[in-house]
Amino acid sequence: MPVSLLCAVDVYGRVYSLSTGGQQWEQCRDAVLEFKRVTAVQQCCWGIACDHHIYLNVHSSDVPIRYQEETFENQRWNPVDNFSDRLLPSDRWQWSNITGLEHQPLDSFFLPSTNWEWEGDWYIDENFGGEPTEKEGWTYAIDFPATYTKDKKWNSCVRRRRWIRYRRYKATDTWAKIPSEGHSGPLPDPFNDISCGGWEISEEPRGRLSLWAVSLQGKVWFREGIHHHSPEGDGWEEVSLPGEVVQISCGPGDLVWAVLWEGQLIVREGITRDCPQGSSWVVVDSPNPEAGAIHVAVGDNVVWAVTKDNKVWFRRGINSYNPRGSGWIGMVGEMVMINVGLNDQVWGISCEDRAVYFRQGVTSSELSGKAWKAVNVPRDGDIRSHSSASSSSLHSAGCFFSGEVRAQSVMSEDSDTENGPQRAVLEGATTAFTAGPSIPEEVASLREAEAKSPPPVLVLSPSLSGGPGDPQWSNVDLEEAQTHLAVGPAGVRGDAADTCSLSSVATYTLCQEEPYGADEHPLWAWVSGGGCGVDCHSQLNWFNSATALASSVQSMSLSISPAQTAAWRKQIFEQLSERSKREMDNFKHYEQAIEQSVWVKKGTMQWWRDWKPHKWVDVKFALEQFSGPEGNQDGILFLYYNFNEEKKYLHAFINEVTILVPVLNDSKHTFAIYTAERTKQRWPIRLAAATELEMHDWLALLSVSCCDSRGIQGPPSKQALWSVTCKGDIFVCEPSPSLEACPYPTPCDQMFWHQVGGHLRLVECNSLGVVWGVGYDHTAWVYTGGYGGGFLQGLASSTDNIYTQTDVKCVYIYENQRWNPVTGYTNRGLPTDRYMWSDATGLQECTKANTKPPSPHWTWVADWAIDYGISGGTDREGWQYAADFPTSYHGHKTLKDFVRRRRWARKCKLTTTGPWQEVPPIPLSDVTIIPCGAQSSVEPIPLWAISNKGDVLCRLGVTLLTPAGTSWLHVGTDQPFKSISIGGANQVWAIARDGSAFYRGSVSAQSPAGDCWYHIPSPARQKLQQVSVGRTSVYTVDQHGNLWFRQGLTPSYPQGLSWEHISNNVRKVSVGPLDQVWIIADKVQGSHSLSCGTVCHRLGVQPMEPKGQSWDYGIGGGWDHITVRGNSFEAPRVRMPSVTPSLTTSLTDPLRPPPTRKLLSFGNTENGNAVRC
Amino acid sequence: MADDKDVLRDVWFGRIPTCFTLYQDEITEREAEPFYLLLPRMSYLTLVTDKVKKHFLKVMKAEDVEEMWFDFEGTSLKWHYPIGLLFDLHASNTALPWNITVHFKNFPERDLLHCPSNSVIEAHFMSSIKEADALKHKSQVINDMQKKDHKQLWMGLQNDKFDQFWAMNRKLMEYPTEEGGFRYIPFRIYLTMSDRPFIQKLFRPISPDGHTHTLGDLLKEVYPVAISNDDESKRYQVVIHGIEPLLETPLQWLSEHLSHPDNFLHISVIPAPSD
């Protein structure tokens, strides 16, 4: 679980944050202001400060917020000046945007606010659609607007080039003031409440947020244009209201509720992707007719409310179709305010002790949770702030007010002298640091002066406020008030504060309370969990007292964490091995008392029989285990079946099994057993167990015996090969030195793979043992050095270094419709049409109801939602149009379109265990680690990655002891990237999303991020997909499955000369530290069947012949990824008499001469181009 | 750093080289050769000495043979103690191989239990496991197991199948994380110089204030004599599986890793060698 923060404000207006991994409230030191309220989301925190302005604190990230400004310079050719900026009168501007419609000279660009800075000056973009242009960056066309090409032709009359410049948001980790200006000048009154959310409404634009704010006069404002590249947003838009609002709450999705002064609640309706501010309000009555609501908090699917009597209410029946819900349920506990964070988790500030409480047991099935539990952790700087704050405030209160006020002057600010200069900011700002809506005196006095209708606060307050002669609180900095008292206005302020405070809604609870003693904490005023990613499974250390915690941590480290090297443990290990030496070494010739016998485990299973018609048949299954001649475990698998009424059996030796693959689907619990022979056939022994548990029992047992028979135990070695299947299962293979031997390597189909727990989409390693993975949800994971996890438990798993791992992916189904002249588009298709609800191919019916998660391990975590992000674009309702079904779709309707479809996505989540730990916070799409020799001690270890947004990142601080590294260094690019690889000599190659290749110059240990990108032209008409760099070799794969080798690489010219075609039918390539080449082949034909996604090994790769000669075929059928970058075993040198090329081929080919495998073409050594067979 | 799993293996595969000699007064037809065997520390004498019996019966008349029993330097060896414990208790600091004398007559009824068949050993073994689980989990784990699971534990021990045994035994070694250990630690402390066969008391792995109890804590509580003070020379050795763990070793860890198959931690307190 990545660490995230819970935010809270105490009554002094100090902002604190509590990390989910921490045990102490950390004060936000940067805050020179006191804050009234904060609303946190994952990437930032908004707050209302005591000056009633809104401030934004964007959390700094290793990837900065940068925005690319662009403008185009246009020129026309004339016979006199050649190309010049003299354009025709009918032409576009000389400097314009891409369409030419807007005039955009370079000096018309300004920074949006003082929170931004320019990264550099304008420069010319020399990349045109993935291909490098000439030096000047011009692209040519016959006329404006037309198709541009990078080559100048005889008829090129106009040309243009693109200038770009980056600006960067600099005000991170600091509170930046947001100007309170609406569309028509400054807003008339200051803000009183704020709520941020709405990030689930739409993914476009990236990082979009909704910010709702309430002004003191009860108006509601919506901040427009907040997204990743514009964290501050554009401006305020007023939202019309049925009444005056006190407080508002906005959930992650489309729930927005607000409380009216009169105590009713209003619900925003009509919030959609296209209209995030919604369309209308609906009134919902207060849960309690006697006591109106004063506070509301909403999440994804929940609404909580607090009424004036501090009772807590939970709203039943909330869902996206019914944001109003159906009824209130009273909950136990009295709260001042409530906040709903991520995963619908709930925090509150209790009425009784003003402590922060967490609602325990909130799950998606039980949203109301079970009980309140106090967050009981110390605050940093407790003592300092306490002494100064309370002494000064008490002192001054005592001077200014009567004695009885003293104890209640909880509102006084921390009059810290070091903050003196900044006080100026606060000049005149007196604040209400209370949980409820309150009115600063300026406004109150303004209201009084203007003799407006009685402030709404009075409507609420009579029953609440104490007697007028009983000053109950003070929100003034007392020292300031004192000095100001001398001058006239301050006195007015003091009075105003008194009057309005009496009628304030939420302060009264505070006043009725016992004053807190000097040794207690200041009370909490506000809490926000919108950025706090906990769920019901999270282990939080927030609830124990500090001392108990310290001792329990200590005891845990003694008994549970064996990673530490306690003396007693070491001593036991040493003594045990001493004992073995003493008692056994000299007596090995003695007979064993117990003869090793055979142990048989039997069971019944179903078997996908080998002959046609293929079907599942019941079989008896037995594993016989015995000790081999050298004491190692071995065994035989038997499978008894009936054939034509005749009993027969099939057997396999455990030491010949090459891999066990779990194949879970929603109907059967199956797994596949491969041997070398079965791999050749592409036809494993497929077995189905009755239950998932039984399958896992068998798999675990078989896996242990297979590993035992090969003497494999403990964690994978540093040299291990790692691979991942399309189901996310992770396999490792221990390479032998002969794996890369030439000319007789270990045949690929004899490699033994065993599973490691966890779920990943890709994994990368190097020979120092640093292993990283990326999940389907783009989460980055680092290998912990353990083994086992998942179904491999008990002895097959290490006790430590196994952690919970989660992954999230989407299941997609398609809604298909056909147009008819009468009713337009309907779900009635032609009889020949596909299912109206189908999978992508249209062959399988997939309705919302019958579509299940991919396997029982996955559970739904959201409802079906329209997916607008499909390639080809969609209209506003998510439809894509086409002339007929199996064609290409586009996002707008034309006359020729008779069918349409839209994609629905539903998220599902998998929870498993494995030796992996998350590397927060940036999600990745690719990662690469420097390949190196086994002995080399590279320190720190270069590691590069691509974020899921396409940013290039370089990890700092990766060492053998800290394989997760410390932080990311962002490497600027002009476009998003998708693949990256670093070679043994720090050569960094990368592929951009537009398919172009780049080489990073001057990367070295001293300059880990290098200096600039060199654009490398792609192979003609091919968009590159993936790159892998070994010791010296550079291989890429393009979108059509071609494998390319970079020719002409020399130390002085590391970019090389040209691409040479090696093979087709390739999905992915991994080049190792010895330049060995392994791929995932798209399709490989075996004697029985065809397998897609197959591990293949390039044979004949030698230092002088880096391209190799032919392919050897290994395990296959759903393999997605392989990395051999850890295998630095030098092959034993065999001195061969010099052989002619033809002899070499005949030597390697007979080894694996599969006549049936034709889909992979063999590299032809003559010209290096693959020849299709 | 080795894994904790390796400890389990090392402990399981502990062997004691033993030389069985026929008692001099036994009547034989010809001279009985001594018999050499590697005895598993975790097992029981009568369970693994079929070969010994067979060997000596070859030189004896059937009518001279009664129930077989063993002694070491005059001490009758209780078959219902694990072999490793017997060795640690009586023969720790003697030269290897362990010289055991085999008797076929004069069964010491006062000292030893009869062992007519393996089922008696099995019953003894299972009752020990049940007693241990009663201490550890209020018998919840052992009662949740099926008959075949019980059998698997026994067969694992009988056939020296580490994986087979531990596949089941690990369930007996589990405990709720929040409690930090078992309810009570099943242990027995054996003293050579005592009339009591052993000491057994209720002892928790975690102190009421949340501290981990160590081997030292246990001994302080149960048999403080075993711990020597700093100023005096060591009088006793505290031996488990032939090794002397440090007194600061957490008891819970010891119970999980150094228990015998019967799930008890058998601790021998023996006089330290005088030299």
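Throughout, protein chains are lettered first and strands after them, A, B, ... in sequence-line order, and every chain is numbered starting at 1. Predicted model, so just to flag it, every value in this text is computed and none were measured.
A distance of 5.0 Å separates CG of B/Asp10 from OG of A/Ser580, quoted to the nearest 0.5 Å. To the nearest 0.5 Å, atom CG of residue B/Leu247 and atom CH2 of residue A/Trp568 are 13.5 Å apart. Between atom CZ of residue A/Phe587 and atom CG of residue B/Leu96 there is a gap of 5.0 Å, rounded to the nearest 0.5 Å. How far CD of A/Glu574 is from CD1 of B/Ile243: 11.0 Å, rounded to the nearest 0.5 Å. Taking OH from A/Tyr590 and SG from B/Cys19, the interatomic distance works out to 6.5 Å, rounded to the nearest 0.5 Å. Here CD1 of A/Ile572 is found 7.5 Å from CD1 of B/Ile240. Values are rounded to the nearest 0.5 Å.
Only the backbone of B/Thr18 comes within contact range of chain A, with heavy atoms under 4.5 Å apart. No part of B/Pro205 comes within reach of chain A, as not one of its non-hydrogen atoms sits under 4.5 angstrom from that chain. Both the backbone and the side chain of A/Gln592 come within less than 4.5 Å of a heavy atom of chain B. Only the backbone of B/Gln158 has a heavy atom closer than 4.5 Å to any heavy atom of chain A. For B/Val11, the parts sitting under 4.5 Å from any heavy atom of chain A are the backbone and the side chain alike. Heavy atoms of B/Leu254 lying under 4.5 Å from chain A belong exclusively to its side chain. Heavy atoms of B/His257 lying under 4.5 Å from chain A are absent altogether.
When side chains are defined from C-beta on, A/Arg579 counts as touching B/Arg41, because their heavy atoms get closer than 4.5 Å.
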*Show the numbers, then the answer: is there a side chain to side chain contact (heavy atoms under 4.5 Å, CB included) between A/Asp708 and B/Asp163?*
CA-CA 11 Å; A/Asp708 276 353; B/Asp163 291 322; 3.5 Å; yes
_Pair B/Val7, A/Leu576 - check side chain to side chain contact (heavy atoms under 4.5 Å, CB included), show working._
CA-CA 8 Å; B/Val7 174; A/Leu576 275 174; 3.8 Å; yes
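Judged by distance alone, with hydrogens and angles left aside, the side-chain atoms of A/Arg569 form no donor-acceptor pair with the main-chain N or O of B/Thr249 at under 3.5 Å.
Contact record, B/Phe35 with A/Glu591: CZ-OE1, 3.9 Å, taken as the closest heavy-atom pair.
Within a 6.0 Å radius of NZ in B/Lys53, other residues, nucleotides and ligands contribute 12 heavy atoms or fewer.
Most heavy-atom pairs under 4.5 Å with chain B: of the set A/His589, A/Arg582, A/Lys601, this distinction falls to A/Arg582.
Looking at B/Arg15 and A/Glu583, no side-chain N of the basic residue comes within less than 4.0 Å of a carboxylate O on the acidic one, giving no salt bridge.
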